[in-house]
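Just so we're clear, the structure is a prediction, and the values are computed from it rather than from any experiment.
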Amino acid sequence: QVDLVESGGGLVQSGGSLRLSCSASGRAFNDDPMGWFRQAPGKDRVLVAAINWSGDTTFYSDSVKGRFTISRDNAKNTLYLQMNNLKFEDTANHYCNTSLIWDKYGKVWPWGHGAPGTVSS
């Protein structure tokens, strides 16, 4: 039994920033690679950032590289995504979950409700 809860979304102007948090209950996600995913209206959910168990290896999609920073605090069972220099096309609902980019046989947990981030143009 795992609940993933995303928070920190909101409305910002183009060029602004948001900091998202993801907390897990029901299990500790220490040792699990974690990722942030986003789903824009009418589009598929895609991975934008991932971080390994120790936090020393990260992945960013080309669309967010240089603007977003993923981090984790395993002691707090919390994942973060700092999003800077936001663009209108970043508007999406943001989700956290296990990332399978380094282990495709890992366990993906039920999706939370996500944190909406809306960027005005």
Side-chain angles (χ1 to χ4, degrees):
Q1 180 182 351
V2 174
D3 293 319
L4 297 170
V5 180
E6 300 90 354
S7 62
L11 172 65
V12 298
Q13 294 182 338
S14 180
S17 298
L18 287 171
R19 182 172 172 82
L20 306 180
S21 298
C22 166
S23 296
S25 63
R27 96 185 213 283
F29 54 54
N30 289 42
D31 299 334
D32 292 338
M34 297 295 295
W36 283 99
F37 305 76
R38 71 183 184 188
Q39 185 170 32
K43 297 186 177 181
D44 294 333
R45 179 159 44 211
V46 298
L47 178 72
V48 297
I51 187 167
N52 75 341
W53 67 272
S54 63
D56 60 2
T57 301
T58 56
F59 162 84
Y60 299 96
S61 67
D62 289 341
S63 62
V64 309
K65 191 176 300 181
R67 300 187 296 120
F68 291 11
T69 302
I70 188 171
S71 60
R72 65 192 297 166
D73 186 338
N74 291 333
K76 297 183 181 295
N77 245 19
T78 303
L79 183 74
Y80 304 97
L81 185 68
Q82 179 68 43
M83 305 187 293
N84 296 328
N85 193 23
L86 286 163
K87 305 173 181 179
F88 176 75
E89 54 265 38
D90 293 320
T91 296
N93 208 20
H94 299 81
Y95 305 86
C96 63
N97 215 320
T98 302
S99 172
L100 303 183
I101 65 172
W102 299 297
D103 180 6
K104 65 180 180 180
Y105 301 107
K107 173 67 175 178
V108 176
W109 304 101
W111 298 98
H113 293 129
T118 302
V119 184
S120 63
S121 59

By salt bridge (charged side-chain N to carboxylate O under 4.0 Å, His left out), Lys76 pairs with (sequence neighbours left out) none
Test: Asp32 and Lys107 ion pair at under 4.0 Å = no
Near-ring test Trp111/Phe37, centroid separation under 6.0 angstrom | yes
CG-OG distance between Leu79 and Ser99, expressed to the nearest 0.5 angstrom | 10.0 Å
Decide whether Asn93 and Tyr95 meet the rule of one side-chain donor and one side-chain acceptor closer than 3.5 Å.
-> yes
To the nearest 0.5 Å, how far apart are OG in Ser63 and CD in Glu89?
-> 9.0 Å
Rounded to the nearest 0.5 Å, how far apart are CZ of Phe68 and NE2 of His94?
-> 5.5 Å
Please report, to 0.1 Å, the donor-acceptor pairs under 3.5 Å made by any side chain of residues 4-21, with sequence neighbours excluded.
| residue | atom | partner | partner atom | Å |
| --- | --- | --- | --- | --- |
| Glu6 | OE1 | Gly114 | N | 2.9 |
| Glu6 | OE2 | Cys96 | N | 3.0 |
| Ser17 | OG | Asn84 | OD1 | 2.9 |

For the side-chain contact (heavy atoms from CB on, under 4.5 Å) test, which of Leu81, Leu47, Val64 pairs with Trp36?
-> Leu81
Out of curiosity, Ile51 CD1 to Phe59 CZ, how far, rounded to the nearest 0.5 Å?
-> 13.5 Å
Given the rule in the side-chain contact (heavy atoms from CB on, under 4.5 Å) test, do Tyr60 and Ile70 qualify, once you have shown the distances and angles that lead to the verdict?
-> CA-CA 9 Å; Tyr60 299 96; Ile70 188 171; 3.4 Å; yes
Side-chain ion pair, Lys87 and Asp90, N-O less than 4.0 Å = no
Working to the nearest 0.5 Å, report the span between CG of Asp44 and CZ of Arg38.
-> 13.0 Å
Could you tell me the separation between the CG atom of Asn74 and the CH2 atom of Trp53, rounded to the nearest 0.5 Å?
-> 9.0 Å
Grab the two heavy atoms, one from Phe88 and one from Ser120, that are nearest each other, plus how far apart they are.
-> CD1-C, 4.4 Å
Taking Asp3 for its side chain and Ser25 for its backbone only, find out whether a donor-acceptor pair lies under 3.5 Å.
-> no
With sequence neighbours excluded, what pairs up with Ser23 under the side chain to side chain contact (heavy atoms under 4.5 Å, CB included) test?
-> Thr78
